[in-house]
Amino acid sequence: MLQAIVRFSLRFRGIVIALACALLGYGVYSLTLARYSVFPEFAPPQVVIQTEAPGLAPEQVEVLVTQPIENAINGVSGFALGQSRGCR
């Protein structure tokens, strides 16, 4: 069986080379349409929002600034996890 394939390949070199080039072309074409990333994103995208409110106590900043921002962000589609931190 293998000898027959080798004989055919040697006898019809042009056809074999043309088929190989067509297969290579199809592979390159398929590669351009691939939508998979070679290096996937391991960490989800993160957004950091820093706010300042001079003259307000930390409790007031949380109620007047942080909570409204969190409520607005929680309505965004595709939002998975919200986390806030306060610092002085």
Side-chain angles (χ1 to χ4, degrees):
M1 176 72 180
L2 190 57
Q3 284 182 344
I5 294 173
V6 172
R7 263 189 261 128
F8 177 82
S9 298
L10 291 174
R11 182 180 295 159
F12 300 105
R13 285 182 214 125
I15 293 174
V16 172
I17 291 173
L19 287 174
C21 289
L23 187 61
L24 178 68
Y26 179 72
V28 170
Y29 172 74
S30 296
L31 185 63
T32 60
L33 297 179
R35 297 181 186 200
Y36 297 105
S37 177
V38 175
F39 300 106
E41 193 74 34
F42 293 112
Q46 296 181 358
V47 176
V48 177
I49 299 173
Q50 294 181 350
T51 59
E52 290 185 20
L56 293 178
E59 295 82 16
Q60 291 174 323
V61 172
E62 183 178 350
V63 171
L64 297 175
V65 178
T66 305
Q67 285 180 354
I69 291 174
E70 286 178 352
N71 293 337
I73 290 175
N74 284 334
V76 174
S77 64
F79 184 73
L81 175 66
Q83 194 176 34
S84 64
R85 248 186 340 191
C87 59
R88 294 181 184 221

Could you give the side-chain donor-acceptor pairs of residues 1-26 under 3.5 Å, partners two or more places apart or in another chain?
| residue | atom | partner | partner atom | Å |
| --- | --- | --- | --- | --- |
| Ser9 | OG | Ile5 | O | 2.9 |
| Arg13 | NE | Leu10 | O | 3.4 |

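- Under the side-chain hydrogen bond (donor to acceptor under 3.5 Å, both in side chains) criterion, Glu70 pairs with Ser84, sequence neighbours left out.
- Listed for the Thr32 side chain is a donor-acceptor partner under 3.5 Å among the backbone atoms of Tyr29.
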